[in-house]
Amino acid sequence: MSRKVRADIHLDAIVHNYRLAKAQAPTTMAAAIVKANAYGHGAVPVARALANDADAFGVACIEEAMELREAGLRQPIILLEGFFDADELPLIAEHGFWPVLHSEHQVRWLEQFSSPARFPVWLKLDTGMHRLGVAPDQVESLVARLRQCEVVSEVLLMTHFARSDEPSLPMTRDQLGCFDRVAAQLGLGASLSNSAAVMAWPEAHRQWLRPGIMLYGATPFGESNPVADQLRAGMTLSSEIIAVREVPAGETVGYGATFSCDRTRRIGTVAMGYGDGYPRHARNGTPVLVEGVRTSLAGRVSMDMLTVDLTDIPQADIGSRVELWGQRLPVSEVAQWCDTIPYTLLTCLTPRVPRVYSD
Ligand SMILES: *Cc1c(COP(=O)(O)O)cnc(C)c1O
């Protein structure tokens, strides 16, 4: 291959992380969330690696679900936003997908649909995030209607947390309280926990976990967490140095001249840029590893290249390996330097970056 950009995907680490999620609640089921191409890691290879472990998969839409079915995966697949149009219902019934119902109109469409096949549905309750979900006072009547639907085999109640990654704040407890008040009389299975709640909110585990980001080895927390500390990176993003130069004191590097050399600095140019998904808003000082040694960005990221400071790494030269994030440099640490979260860095990796799988 000419250009040496690559994302190594560590399938064994992803399996380890799924098992770590399950170990937090051994009697609970867990849907491995593989939406958005498994957060950039490749939905089909990730799902295949998890096929012997995962109780179910979770995706954002029917196209993502079909991709897994067509690859031969047999698990239940949860459609996290349900169906966007009633014409998806025949495929849902045929393939046994489990739609989330977040709004009354979806229940109405289900009532008007008939099929010999039956499937479970997850009714989503809005407990305070105010993005998707039915209001608490609608739940009882909607559950009653769903129990009358010929295609519904089972109803499960779910909700989603807005701030479970900030365990010291009261909002998650408030959302839990709201959920429990509504669920109390209904006797339904429940699913509340994203990765942060899997790791920090055991009282939210219930019947089904929904771990996403933790499968890929990235922590959702801004601080250390004893479970998150055991995660293993699912991806190592790397490339090579393609040019090296000495830049004299007072000169600048890159577009916008944002990096000035305080003294003569040895600058390496790396084949990696925002055209690969490495964020342009990564600041000067964002950590990178060159030959395994930590150094930092020097100058603005361009489309196909970025520049790093090699002054203190004399052994670095053309062809030296550069790690942008991975097993030795957490993607969540890089994300903080980019004023973003690891989710965006992983999902925004472009198709130009070859994914190389190992297990
Ligand atoms: C994406 C998603 C998850 C997974 O969230 P993470 O923070 O990545 O663990 C869980 N539940 C729903 C409804 C989601 O959309």
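All ligand and atom numbering here is 1-based and tracks the order in the structure.
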Between K35 and E64, does any side-chain N to carboxylate O distance fall below 4.0 Å? no

protein heavy-atom neighbour closest to atom 11 (N) of ligand 1 works out as R210 NE, 2.8 Å

Any heavy-atom pair between the side chains of N17 and R232 that's under 4.5 Å? yes

Any N or O of K124 closer than 3.5 Å to N or O of ligand 1: no

Are any of the side-chain nitrogens in D339 or R283 under 4.0 Å away from the carboxylate oxygens of its partner? yes

Among non-hydrogen protein atoms, atom 8 (O) of ligand 1 lies closest to Y39 OH, 2.6 Å

Decide whether an N or O pair under 3.5 Å exists between I213 and ligand 1. yes

Flag the pair D126 and R131 as a salt bridge only when some basic side-chain nitrogen lies within less than 4.0 angstrom of an acidic carboxylate oxygen. no

Heavy-atom nearest neighbour in the protein, as seen from atom 7 (O) of ligand 1, with distance rounded to 0.1 Å: Y343 OH, 2.6 Å

Check: S195 N/O within less than 3.5 Å of ligand 1 N/O: yes

Shortest non-hydrogen contact from F113 toward E150: O-CG, 4.4 Å

What residue and heavy atom of the protein are closest to atom 1 (C) of ligand 1, and at what distance? K35 NZ, 1.5 Å

Quick one: nearest non-hydrogen protein atom to atom 12 (C) of ligand 1, plus distance? H160 CE1, 3.5 Å

When only distance counts, is L80 in polar contact with ligand 1, meaning an N/O pair under 3.5 Å? no

H41 ring center near Y39 ring center (under 6.0 Å): no

Can you say whether the rings of F97 and H95 are parallel (under 30°), tilted (30 to 60°) or perpendicular (over 60°)? parallel

